[in-house]
2 protein chains.
Amino acid sequence: MALDINKVSIKTSLSSCFGSNINEIESSTDFFNELAEKAEENTVGANEYLFRESDKSDYVYVPVSGAIMLERSTSTGSRQVFSFLFTGNILGISEHAFYSFSAKTLTESTVVKINKKIIISIFDKYPVIAQRYQEMTHHILSLILDQLFIMGQKTAHQRIAHFLLDMEYRIGHGSNRFHLPMSRQDIADYLGMSLETGSRGFSKLKNEGLIQIDSNYQITILERDKLKTYAEG
Amino acid sequence: MALDINKVSIKTSLSSCFGSNINEIESSTDFFNELAEKAEENTVGANEYLFRESDKSDYVYVPVSGAIMLERSTSTGSRQVFSFLFTGNILGISEHAFYSFSAKTLTESTVVKINKKIIISIFDKYPVIAQRYQEMTHHILSLILDQLFIMGQKTAHQRIAHFLLDMEYRIGHGSNRFHLPMSRQDIADYLGMSLETGSRGFSKLKNEGLIQIDSNYQITILERDKLKTYAEG
DNA sequence: CGAGCCCTTGATGCATTTCAACGAATGTGG
DNA sequence: CCACATTCGTTGAAATGCATCAAGGGCTCG
């Protein structure tokens, strides 16, 4: 237990997750101090599970560094990837007593791990945080609805284009060049297509000059507007 | 304003939605009385909108009778149906300031309409209800995750089979014979396929003897186990 | 009885999966 | 440090699934 709240990375992640303007709230300092006391910081290697589907959902996680993937597998071996998470996202809220998916690290990751009971007790003291928590849940829900919309409406190649724009926004941090932490298989399972179709999508966008593939995982968006048009279909 | 809480149908719907065991909670009578005072009962005809996407989300609705569909349309005319709702479901929670989809009645429907501000004020008085509300949000989220999983994994015909089993469970009320309130087009837009593919799915299941189509909308599940096996793929 | 709407069915072409081979990148042990 | 094994990505060819176009059938309502 105990968290070094003075570390910029941790403060940044928590702020990004609990609301960028939370610092303006009068009780925010108390809130962060209480979190610092009762939460813990964990670092885990790549390709490890933070938790698995149907584990008791006792903890909420906030990635400080690294990349995490939420997935669910069937008995027949197929897999659906629900989401990719990065610094300042949050996972494990919006769960019943048991997680409804597994969380696997894609790279070595540092996470802040917060016991749910502590979260609940914090809510009682800081109603503003409780409200913010609700908002996060709603935000997550609207993201999943968007994802559902994309899955139902768009062709495979359009979904790839959409995915790349999303990644640029989320991990490019202003740059049009970024490094994908997940494999082609992960992307395919996220977008509901075969690995090969995913790969062909990348190639097509490359050949049409919309993106540049520097190495397998290093992507540059060359023509953002055209890519957007393509994604919207 | 004002709600006849003594109507069995309304009491049943609200109970089903706010938790079947809510009656065991000591403050539940107060809660229902307060709701009766401040909520209202509305009846609207078929094919009308309770609200539209990007309307201000001031109200939460609980269907008492009828069937409602949640949908989102693109500028290009295509449409994604997110969900079908029946008696005792709830809609409009888990929304930001504005609805992220439209709610359209499939049949004449009676709904209990509750102002969000009233809901919030009720939370302050009855923490148990607030917690139940959170649980509902989580439940909705897990349902959408399931839907996302199905969209990503299954073939069109499997999705049809899955859909029919879901409908049997939700509107069959113990019987294997039920009446679908939505059109083939609605089903297709829900499952992310063309109308024709949906229709072929129905025909195939009929020809294989797994279901019986008495009229276009009257369905009987003949071989539930086989249908399940088929849906699981 | 006829018009209109919805559903079904058939035929065709395109999108996607599957199977298979190759190439590039990564890691291991000699 | 290199040869080899292994994993991952790309590409091609064939098969399948699905969408689209088009026609016909059944139900409902005037």
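By convention in this document, chain letters (A, B, ...) are assigned in the order of the sequence lines, proteins followed by strands, and residues within each chain are numbered from 1. What's counted below: heavy atoms across the whole structure, side chains too, no hydrogens, waters or symmetry copies.
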Which residues pass the salt bridge (charged side-chain N to carboxylate O under 4.0 Å, His left out) test with Asp166(A), sequence neighbours left out?
Arg170(A)
Exercise answer: donor-acceptor pairs, residues 73-82 of chain B side-chain atoms, under 3.5 Å, sequence neighbours excluded:
from, atom 1, to, atom 2, distance (Å)
Thr74(B), OG1, Thr76(B), N, 3.3
Thr74(B), OG1, Thr76(B), OG1, 2.8
Thr74(B), OG1, Gly77(B), N, 3.4
Thr74(B), OG1, Ser78(B), N, 3.1
Thr74(B), OG1, Ser78(B), O, 3.3
Thr74(B), OG1, Ser78(B), OG, 2.9
Ser78(B), OG, Gln153(A), OE1, 2.9
Arg79(B), NE, Asp189(B), OD2, 2.7
Arg79(B), NH1, Glu71(B), OE1, 2.8
Arg79(B), NH1, Asp186(B), OD1, 3.3
Arg79(B), NH2, Asp186(B), OD1, 2.8
Arg79(B), NH2, Asp189(B), OD2, 2.8
Gln80(B), OE1, Gln153(A), NE2, 3.2
Gln80(B), NE2, Asp189(B), O, 3.4
Gln80(B), NE2, Tyr190(B), O, 3.4

Which ones in residues 184-203 of chain A lie close to DNA chain D, meaning a heavy atom under 4.0 Å from one of its atoms?
Arg184(A), Leu195(A), Glu196(A), Ser199(A), Arg200(A), Ser203(A)
What nucleic acid atoms does Ser215(A) come within less than 4.0 Å of, heavy atoms only: base, sugar-phosphate, or nothing?
nothing
Using a heavy-atom cut-off of 4.0 Å to chain A, what are the terminal contacting nucleotides of DNA chain D, in 5' to 3' order?
dC8(D) to dA13(D)
Please answer whether the main-chain N or O of Leu195(B) pairs with a side-chain N or O of Ser199(B) as donor and acceptor at a distance below 3.5 Å.
no
Kindly assign one of parallel, tilted or perpendicular to the pair His138(B) and His96(A), based on the angle between their ring planes and the thresholds 30° and 60°.
perpendicular
Would you call the rings of Tyr99(A) and Phe51(A) parallel, tilted or perpendicular, where under 30° means parallel and over 60° means perpendicular?
parallel
So if I take the C1' atoms of five pairs at each end of the helix from dC1(C)-dG30(D) to dG30(C)-dC1(D) and get each local axis, what angle do the two axes make, rounded to 10 degrees?
30°
DNA chain C nearest-nucleotide lookup for Lys206(B) and Lys154(A): closer to the 5′ end is Lys206(B)
Classify the side-chain pair [X]/[Y] by whether it contains a donor and acceptor separated by less than 3.5 Å.
| X | Y | value |
| --- | --- | --- |
| Thr105(A) | Asn47(A) | no |
| Thr110(B) | Glu41(B) | no |
| Ser9(B) | Thr12(B) | no |
| Glu108(A) | Thr43(A) | no |

For a 4.0 angstrom threshold against heavy atoms of chain B, report the outermost contacting nucleotides of DNA chain C in 5' to 3' order.
dC6(C) to dA11(C)
